Amino acid sequence: MRLTVVLPGFAEHVATVREESGAWAGDGVGVDVVAAAVPGDMSASRYGLAVAGPAMLAEVVRAARSGSDGVLIDCAAEPVVHAAREVVDMPVVGGLLPALHVAMNLGPRVGVLTTLPSAASVFRQLLAREGMSGRCRVVLVPHPGREPGFQARALVRALCAGAKQAVASSEADVLVLSCTGLSGAARAVQDHLAGRGPSVPVVDLIGAALMLLENMVRLGVRPSRTAYPPAVAAPDGM
């Protein structure tokens, strides 16, 4: 089985994502990681997602033509997932919904932690569209800033503090992080909470998405053609 992970730009992260994805993949599963040639810097906004869309769709089509069995769009905002299902005949998943479905089987209230106000708005709209707003809510965590000397561990500390507050205030029984790029942070936040109170699961986005994608392939299922009628054949440029 071959799966493909499509990044919205961030070519410098391909090696890291390949290593992380390989750790989640099952026996006999190969994972290819590609970075879409997104114009400019990808931003967590509706505009940024729209700009990134064509390049990401092109990589999905290339993956299908090269023999991939399934695609993960490596972004928690789930850009182009529905469009991709119209142009390829294989499972396509995004970066957030698989983790949310796992989380809702672990507790009734799910908190989605984010540090970006622009992203919070995108995620609230996504939750409403998917009918999940009743059980899932976005928790905006104060960002530690990006002053000189900023390091990833400062962001993890901020997420830990936000997670602790969300649990203490009864906002969430289960947590997910709203960025697929936070490699290892889910386990760090989960361990932090376990050392300071009741055990609260924190679902890893990439792990949940890749395991769902792998199981879809093993089950032999693909997007419904009543929900996703095939679009006009993608041009060779895609």
Side-chain angles (χ1 to χ4, degrees), residues 5 7-21 23-24 33 35 38 40-49 52 72-79 94-100 102-103 110-127 136-169 171-197 199-210:
V5 177
L7 295 171
F10 305 110
E12 68 276 16
H13 295 158
V14 166
T16 299
V17 174
R18 183 181 295 117
E19 180 179 0
E20 179 185 6
S21 300
W24 288 109
V33 180
V38 174
D41 294 328
M42 172 69 175
S43 63
S45 65
R46 293 172 183 84
Y47 175 79
L49 296 172
L72 162 60
I73 302 295
D74 192 351
C75 178
E78 305 246 335
L96 180 62
L97 293 181
L100 291 179
V102 171
V110 179
V112 181
L113 298 177
T114 184
T115 61
L116 301 174
S118 61
S121 176
V122 171
F123 293 132
R124 289 190 186 102
Q125 186 178 43
L126 175 61
L127 293 176
C136 305
R137 62 170 300 172
V138 176
V139 179
L140 185 59
V141 177
H143 197 286
R146 292 190 178 275
E147 68 281 354
F150 169 84
Q151 294 183 355
R153 62 175 176 268
L155 177 57
V156 173
R157 285 198 298 269
L159 290 170
C160 287
K164 183 179 178 182
Q165 176 60 32
V167 172
S169 61
E171 291 183 89
D173 306 294
V174 187
L175 296 163
V176 300
L177 308 184
S178 66
C179 180
T180 56
L182 294 172
S183 177
R187 179 56 60 87
V189 174
Q190 180 173 280
D191 291 347
H192 176 85
L193 294 173
R196 290 159 179 79
S199 175
V200 174
V202 183
V203 182
D204 186 279
L205 269 64
I206 293 297
L210 279 174

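The structure displayed is predicted, hence computed values, not measured ones.
Under the salt bridge (charged side-chain N to carboxylate O under 4.0 Å, His left out) criterion, Glu19 pairs with no residue, sequence neighbours left out. In terms of the side-chain contact (heavy atoms from CB on, under 4.5 Å) criterion, residue partners of Glu78 (sequence neighbours excluded) are, by chain and number, Val81, Leu96, Leu97, Pro98, Leu126. With sequence neighbours excluded, the residues forming a side-chain contact (heavy atoms from CB on, under 4.5 Å) with Arg124 are Ala120, Val138, listed by chain and number.
Counting heavy atoms from C-beta outward, Asp204 and Trp24 have side chains that approach closer than 4.5 Å. Arg46 has its side chain out of reach of Ser118: every pair of non-hydrogen atoms, C-beta onward, lies at least 4.5 Å apart. When side chains are defined from C-beta on, Ile206 does not count as touching Val17, because their heavy atoms never get closer than 4.5 Å. Using a 4.5 Å cut-off on side-chain heavy atoms (C-beta onward), Leu175 and Val203 make no contact. Between Thr180 and Leu72 there is no side-chain heavy-atom pair separated by less than 4.5 Å. The side-chain heavy atoms of Pro79 and Ile73, taken from C-beta on, include a pair separated by under 4.5 Å. Using a 4.5 Å heavy-atom cutoff, the side chains of Val14 and Leu7 are in contact.
Atom SG of Cys160 and atom CD of Gln190 lie 11.0 Å apart (nearest 0.5 Å). The distance from atom CG of Leu205 to atom SG of Cys179, rounded to the nearest 0.5 Å, is 8.5 Å. Between atom CG of residue Leu159 and atom CG of residue Leu113 there is a gap of 6.0 Å, rounded to the nearest 0.5 Å. Note that the CG atom of Leu210 and the OG atom of Ser21 stand 5.0 Å from one another [nearest 0.5 Å].
When all heavy atoms are compared, the tightest approach of Val156 to Ala188 is CG1-CB, 4.0 Å. Here the shortest heavy-atom pairing between Leu127 and Cys136 reads CD1-O, 3.7 Å. Residue Glu171 comes nearest to Gln165 through the heavy atom pair OE2-O, 4.4 Å, listed as atom of the first residue, atom of the second, then distance. Taking all atoms of both residues into account, the shortest heavy-atom contact from Leu177 to Ala186 is CD1-N, 3.6 Å. The two residues Thr114 and Leu116 come nearest to each other via the heavy atoms OG1-N, 3.3 Å. Taking both residues in full, the closest heavy atoms of Val141 and Ala158 are given as CG1-O, 3.2 Å, listed atom of the first, atom of the second, then distance.
Checked against Val202 for a side chain to side chain contact (heavy atoms under 4.5 Å, CB included), the options Val189, Val174, Val176 give a single hit: Val189.
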